[in-house]
Undergrad: 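Quick one: structure below, then a few questions.
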Amino acid sequence: MAKRIDVSGLSAYYGTTKAIEDISMSIEPRSVTAFIGPSGCGKSTFLRTLNRMHEVIPGARVEGKVLLDDENLYASNVDPVAVRRSVGMVFQRPNPFPTMSIYDNVIAGLRLAGVKKKSVLDEVVERSLKGANLWKEVHNRLNKPGAGLSGGQQQRLCIARAIAVEPQVLLMDEPCSALDPISTLAIEDLIGELKEQFTIVIVTHNMQQAARVSDRTAFFNLAGVGQPGKLVELDDTQRIFSNPSVQATEDYISGRFG
Amino acid sequence: MTVTAVVEDARPMGRPLTANRLPKWAPAAVAVASIALGCGIGAGAGLASHLQWGLISAALFLLISYGVSARVEGRRQAKDRFATSVVWVAFILAVVPLVALTVYTVQQGIDVVDGNFLSHSMKGVLQSGPGGGIYHALIGTLEQVGLATAIAAPIGLLTAVYLVEYGRGKLAKAVTFFVDVMTGIPSIVAGLFILSLWNLALGFGYSGFSGSLALAILMMPVVVRSTEEMLKLVPNELREASYALGVPKWKTILRIVLPTAIGGITTGVMLAVARITGETAPVMMLVFGADYINNNPFDGPQQSLPMYIWTQYSQVNNDFGYARAWGAALVLIAFVMGLNLIARGIARWRSPKAGH
């Protein structure tokens, strides 16, 4: 069910400020694509355009095309709610719903979409929590509040919540930046397993992480403060980290940048 | 030798880290001493008002705390103690009227309040004689406040949802402005408005419902304001998490945002209810008042607790009337306090749990 993403000529704005300019790239199905680049270069903005979360911010808009397999997400008759059901997202800070138990958090997407059958929900909870490597730790306290878990567990709960609705693509916006190394390792292992089923896009500031988990890496950069971010290059991760074709990428990766 | 020298040099600018400290019981002792002294001065100078005794004690407490601390601990500590003392004095000044009011009302009212008082109306009871009760006023208050809440709470809640979740641009600004203006409407003006619109222009007679309309006008802005603040406290991350799961906006608001804020919203509504429960002016104008039981809020005059208190108290030199007024005041305070406790209970019960 993993789908391929083709982006062409995409620009995103916050009000009158152009945040990213003219980005075109292809994201392969069943693989992990990492976005790296300095702060403010538009990685997260670009990620959010891939499931139409960008326009949730007042005044934000997008120009260009994003094809999910062959469907343009920005066609006029596309329902953003439906897009987000096929393209799931995990955020930088774990954000389980505070009023809900672990069980309710996992099935939040399904229940809010109207699924009521207990047997289906039970099965989804177990499958998703197992998929997020959290089942063993929480299976005997599913009715406890989700906010009572540790940060790493909460993030895996959010991943379980995202995969419970069976999206085709999973977007991760710096999913490990608020976590300690052990929880980070757990999430990275999980990403390796999830790419069997999903197309995964991950934004990270941690270059080692990009090198460890991704198959392809995209480097974003911006010309200067106030300038829009641009895609510098997208290539196999190994090549980006050993022999990138653009000098700026090598400078950034080797730490000679800014 | 060298080691000692190094340690001595390491002290910041040679200042010692230890100093004389007052014992833990010192503030309490100062408080007792200044109250004793304050009462002594008050009695000695023949001041009739105990309020003056208290104020003298408070001033003495501030001065003595500062003086003692400055002598023993130094200027910096003394300033700290002075600030702490000011906070304490302010706290006590704020609490004294509240406690005094409650205690006095209980003292005056407790003898009157019994089963008979709560279950009988004033029908056929001489205003200047004993007996009678507040049953008709209690029914009236419950019905009028209940109806006002049923009108104002949903409208206020939805307005707040609009302002926080949807409102952009001029319309939202206008709504916010008018809500602010409405907060400042005197209750008598709300009463006059309903009187001229509902009772005079549209020709409906006096009724509990007519009063409810005025109460609803007073309640709505309070509900909007408090709900708005509570909805703003819901982190945006939760809304985004819900959108990212493919949940539509209205469902996100209904199932994620409102439940997260429900504790605070309930508290706000309850406080608004408490506020209108004590309103007298619009009720007098629109509900008119009655000494008999009228269970139908939509037809004919009713009674309400604040108006009952006023009616009973307005007769000069009537000890039975005064006693009934205090009894009704006690019931009114108990009712409002009960609402507050319920609101707190709901807030605690429904608030998001971080616990294990």
Side-chain angles (χ1 to χ4, degrees), chain A residues 47-48 50-59 79-101 104-114 141 143-150 154 157-158 161-167 169-173, chain B residues 157 161-173 175-176 227-268 345-356:
Chain A
L47 191 76
R48 290 167 63 97
L50 298 181
N51 69 340
R52 298 195 59 171
M53 283 293 286
H54 178 64
E55 66 207 48
V56 167
I57 298 160
D79 177 9
V81 170
V83 170
R84 292 178 203 135
R85 279 192 194 145
S86 351
V87 186
M89 191 162 189
V90 176
F91 296 83
Q92 188 171 358
R93 290 217 334 233
N95 51 4
F97 299 127
T99 50
M100 296 185 188
S101 64
D104 290 335
N105 259 290
V106 177
I107 54 159
L110 286 178
R111 184 171 275 173
L112 294 177
R141 47 172 175 152
N143 291 318
K144 294 277 160 54
L149 297 173
S150 77
Q154 286 188 21
L157 178 62
C158 292
R161 182 174 69 185
I163 61 179
V165 292
E166 301 188 0
V169 180
L170 197 57
L171 309 175
M172 298 179 150
D173 189 357
Chain B
L157 199 77
V161 167
Y162 166 76
L163 287 176
V164 176
E165 305 288 340
Y166 293 94
R168 306 263 172 270
K170 279 188 182 152
L171 181 61
K173 271 193 190 136
V175 172
T176 309
T227 308
E228 208 185 336
E229 294 309 316
M230 288 301 136
L231 291 180
K232 278 185 190 159
L233 285 181
V234 175
N236 230 352
E237 296 161 13
L238 293 182
R239 295 184 182 92
E240 295 205 331
S242 178
Y243 297 151
L245 288 171
V247 180
K249 186 166 184 174
W250 66 273
K251 232 172 197 177
T252 301
I253 294 168
L254 207 62
R255 302 291 292 273
I256 305 291
V257 179
L258 286 177
T260 307
I262 195 70
I265 295 173
T266 319
T267 312
I346 291 175
R348 187 171 296 179
W349 171 53
R350 292 298 324 194
S351 64
K353 292 152 193 82
H356 299 265

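Throughout, a chain's letter reflects where its sequence line sits, starting with A, and its residues are numbered from 1.
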Undergrad: Checking heavy atoms, do the side chain of R168(B), its backbone, both or neither come under 4.5 Å from chain A?
TA: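 For R168(B), the contact with chain A is made by the side chain alone.
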
Undergrad: Where is the tightest heavy-atom contact between I256(B) and L112(A), given as atom of each residue plus distance?
TA: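 Minimum heavy-atom separation between I256(B) and L112(A): CD1-CD1, 4.1 Å.
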
Undergrad: Which distance, rounded to the nearest 0.5 Å, do you find between the CE of M100(A) and the CZ of R255(B)?
TA: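 Output value for this atom pair is 7.0 Å.
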
Undergrad: Atom NZ of residue position K251(B) - does it have more than 12 heavy atoms of other residues, nucleotides or ligands inside 6.0 Å?
TA: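 Buried by this count: over 12 neighbours within 6.0 Å.
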
Undergrad: What's the shortest heavy-atom distance between P248(B) and R85(A), and which atoms?
TA: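 It is CD-NH2, 4.1 Å.
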
Undergrad: Report which part of R161(A) has an atom under 4.5 Å of a heavy atom belonging to chain B: side chain, backbone, both, or neither.
TA: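 It is both, since atoms from each part get that close.
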
Undergrad: To the nearest 0.5 angstrom, please state how far the CD atom of E240(B) sits from the CD1 atom of I57(A).
TA: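 Taking CD in E240(B) and CD1 in I57(A), the distance rounds to 6.0 Å.
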
Undergrad: Below 4.5 Å, heavy-atom pairs only: which of M89(A), R93(A), R111(A) has the largest tally toward chain B?
TA: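 Top option by heavy-atom pairs under 4.5 Å: R93(A).
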
Undergrad: What distance separates Q92(A) CD from E237(B) CD, expressed to the nearest 0.5 Å?
TA: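 Reported to 0.5 Å precision, the distance equals 9.0 Å.
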
Undergrad: Hey, does P98(A) have a side-chain heavy atom less than 4.5 Å from the side chain of L238(B)?
TA: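 Side chain of L238(B) against side chain of P98(A), heavy atoms only: contact under 4.5 Å found.
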
Undergrad: What's the shortest heavy-atom distance between Y243(B) and M53(A), and which atoms?
TA: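 What the structure gives for the nearest pair is CB-SD, 3.7 Å.
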
Undergrad: Relative to chain B, which segment of V83(A) carries a heavy atom at a distance below 4.5 Å: side chain, backbone, both, or neither?
TA: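 The answer is neither part of V83(A).
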
Undergrad: Is chain B contacted by the side chain of P80(A), its backbone, both, or neither, given a heavy-atom distance below 4.5 Å?
TA: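 The answer is neither part of P80(A).
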
Undergrad: So which heavy atom on A241(B) is nearest to which on N95(A), and how close?
TA: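 It is CB-ND2, 3.4 Å.
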
Undergrad: Is it the backbone or the side chain of S242(B) that comes under 4.5 Å from a heavy atom of chain A, or both, or neither?
TA: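 Interface part for S242(B): both.
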
Undergrad: CZ of F97(A) to CG of L245(B): how many Å apart, nearest 0.5 Å?
TA: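 Atom-to-atom, F97(A):CZ and L245(B):CG are 5.5 Å apart.
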
